[in-house]
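Have a look at the structure below before the remarks.
In the text below, chain A, chain B and the rest are named by the order of the sequence lines, each starting its count at 1. Everything quoted here is computed from the prediction, not taken from an experiment.
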Amino acid sequence: MRLPRFEYIEPINFEGALDLLYIHKDNAKVLAGGTDLLVRMKKGLLKPKIIISLKALKELSYIKKDDSYIKIGARTSIADIIASDLIKKEACALFEACEKIGAVTIQHYRGTIGGNILQDNRCIHYNQSAFHRSGRQPCHKDGGKICYARDASDRCNSTCQSDGATALMALGANITLVRKGTERIIDLDNFYTTDGIMPFAMESNELLKEIVIPIQGGKSSYKRLAYRSAIDYPIVSAGVFLKSSDTSKNEIEDARIVVGAIARAPIFLAKASSFLKGKKFNDISAFKKAADISMDNASTFAVHNVGSTLEYRCAMVSEMVFQALKEAAIVTQE
Amino acid sequence: MEKILITLNINDKPCEVMVYPNDTLLEVLRDELDLTGSKESCGEGVCGSCTIHMDDKPVRSCLTLAMEATGTKIKTVEGLAKGDELSSLQQSFVDHGAVQCGFCTPGMLMSADALLKINSKPDEKTVRKAIAGNICRCTGYTKIVKAVAHAGNSQDHCPDCITFSKAKE
Ligand SMILES: Cc1cc2nc3c(=O)[nH]c(=O)nc-3n(C[C@H](O)[C@H](O)[C@H](O)COP(=O)(O)OP(=O)(O)OC[C@H]3O[C@@H](n4cnc5c(N)ncnc54)[C@H](O)[C@@H]3O)c2cc1C
Ligand code: SF4
Ligand code: FES
Ligand code: FES
């Protein structure tokens, strides 16, 4: 499969990349590992005139501890995240999510965490070859006016299948976006727009610089379900974070439950999360209840467009959340 | 769009080659440099038949631009054997009958070779994980896993290891 034509530019530093984005805006696309972008380009889903490669920007590859934060450079490879003791200890959900991304030889060395959270939403009707798509009317995401995944839908319902995004949202992470002259910080809860066509609140002249995870002293876990244990994207996933109270180690003070690969963005489930506050770490029935609330709430957003049946994926929301909660609780108690 | 002259370090030899910006490393290896060992099957990162090494790490050459490979050490399946002598991994694939149609074999070898460089005696689970990104439609994987685990690490209980080491004596 040939890639469409483009001009390739390799800025030598961060400023250079920002200048290029400032000049070319919508005409340019940033290339990190390319394991999402190049596949979409091969399928003719986008045809940028200019590719701005991050190859020379070694300064964007780092994992460091800064006070009570973990800072990860956008170009850090998935392999580096998996190898980090700091991430394993303080942000276990991210470690578990990265371990499950695709397969070692696809993403782990070339793929980056920045590219992972900025990968486009997916749908079995859209992520197809140009030949396949040419046999029918284009859908909303392809510039048309219909949706094949949900009858009579006036919008695109494509699914966010990023493993990293769900884990990072559970960890309460925020990201730093930079454009020429200004920098802004936005938390992931607000970064995802729930618009299937434009999934991120990000301008075309912005570059993702860094991901920041607060170290809150709690424990996190990530579980996902996919057809095969490698290569495939998740069809449902859950990231959770649990923190015990200062006074009683067996009491949950704070909880965050996020469900992924089911809707247009990872969804933070406020009701299920707050239900757990004040509950005990060994209260398995409370975890079961929180998992069921998660399933009820997440199901209203679910769309049948990443394979498997909708009923099965919704049922598995409960199972993934339950498993993740149990695991986070066990580590907390250790 | 103009072709650009780049230098790639492939199997320890510098190669000057003219490429288009939208050429993948796989296309340049096969079509420009006649290194046709690496195969294209899916072209979209799924199957692993195009796996090569960049700086000793296994990656998909169908999802890597040739331009992105400059300045790195590239190794392809052609770089495994020393002249006519197969590497112990390649020999083990032959001995264990791990090759049927052979289309997945170059990619399998490259994923396995990268593993053996960091872990010379991997157990079955480790081997399976390392080649989890390589699809084989013929063998059912069992013989491939054995071939990798027994490469340069001959096992007394394995009939294939014994038969072939006897034959060589
Ligand atoms: C077979 C296969 C299986 C996969 N399985 C999974 C999976 O299980 N889970 C999963 O989450 N993903 C999966 N992926 C998707 C992808 O490989 C990973 O998400 C990977 O981490 C993407 O990183 P990258 O650096 O290669 O991204 P790229 O393709 O380089 O970039 C992705 C997007 O982000 C933008 N971008 C990247 N970095 C920046 C930056 N610093 N600033 C601004 N924009 C930026 C790019 O312009 C592009 O739009 C799979 C891909 C394939 C081919
Ligand atoms: S959800 Fe509908 S509009 Fe969006 S990509 Fe799928 S078919 Fe197209
Ligand atoms: S051809 Fe590269 S992964 Fe299939
Ligand atoms: S031997 Fe035929 S695909 Fe593996």
Counting only non-hydrogen atoms closer than 4.5 Å, does [X] touch chain B with its backbone (N, CA, C, O), its side chain (CB onward), both, or neither?
X: A:Gln107; answer: neither
X: A:Leu31; answer: side chain
X: A:Arg2; answer: both

Requested in this report: Please report the C-alpha distance between B:Lys57 and A:Thr105 in whole Å, then the side-chain angles of each, then the deciding distance to 0.1 Å, and finally whether the side-chain hydrogen bond (donor to acceptor under 3.5 Å, both in side chains) criterion is met.
Outcome: CA-CA 8 Å; B:Lys57 307 287 194 309; A:Thr105 46; over 6 Å; no
Does atom [atom1] ([X]) have a neighbourhood of more than 12 heavy atoms from anything else shown, all under 6.0 Å?
X: A:Tyr312; atom1: OH; result: no
X: A:Lys89; atom1: NZ; result: no
X: B:Lys121; atom1: NZ; result: no
X: A:Ile12; atom1: CD1; result: no
X: B:Asp123; atom1: CG; result: yes

I need the [X] [atom1] to [Y] [atom2] distance, nearest 0.5 Å.
X: A:Met41; Y: B:Glu44; atom1: CE; atom2: CD; answer: 15.0 Å
X: A:Met1; Y: B:Leu26; atom1: CE; atom2: CG; answer: 11.5 Å
X: A:Ser53; Y: B:Glu68; atom1: OG; atom2: CD; answer: 3.5 Å
X: A:Ile51; Y: B:Leu65; atom1: CD1; atom2: CG; answer: 7.0 Å
X: B:Asp56; Y: A:Tyr109; atom1: CG; atom2: OH; answer: 10.0 Å

Among [options], single out the residue with the greatest number of heavy-atom pairs under 4.5 Å to chain A.
options: B:Thr51, B:Thr24, B:Leu63, B:Ile131; value: B:Leu63
options: B:Gly133, B:Gly43, B:Pro58; value: B:Pro58
options: B:Met110, B:Glu27, B:Glu40; value: B:Glu27

Query - Per-residue contact mode, B:Thr70 against chain A (heavy atom under 4.5 angstrom) - result: both
Report summary line: So, the part of B:Asp55 with a heavy atom under 4.5 Å from chain A: the answer is neither
Query raised in the report: Do the side chain of A:Lys42 and the main chain of B:Cys62 share a donor and acceptor less than 3.5 angstrom apart?
Result: yes
Report task. Determine yes or no for a side-chain-to-main-chain donor-acceptor pair under 3.5 angstrom, with B:Asn22 supplying the side chain and A:Leu3 the backbone. Result -> yes
Report task. Considering non-hydrogen atoms only, spot the tightest contact between B:Ala132 and A:Ala103 and give its length. Result -> C-CB, 4.3 Å
Report task. Could you tell me which non-hydrogen atom of B:Pro21 sits nearest to which non-hydrogen atom of A:Tyr8, and how far apart they are? Result -> CB-CB, 3.8 Å
Query raised in the report: Distance only, no hydrogens: is a donor on one side chain within 3.5 Å (strictly under) of an acceptor on the other, for B:Lys129 and A:Ser229?
Result: no
Report summary line: Assert top hit (heavy-atom pairs under 4.5 Å, partner chain B, pool A:Arg228, A:Lys55, A:Glu7) equals A:Lys55
Query - Pick from A:Pro4, A:Gly102, A:Ala56 with the largest number of heavy-atom pairs that fall under 4.5 Å of chain B - result: A:Pro4
Requested in this report: Would you please test B:Ile135 and A:Ile231 for side-chain contact (heavy atoms from CB on, under 4.5 Å) and show each step?
Outcome: CA-CA 10 Å; B:Ile135 292 176; A:Ile231 304 177; 3.8 Å; yes
Query - Non-hydrogen side-chain atoms of B:Val46 and A:Asp232 separated by less than 4.5 Å - result: no
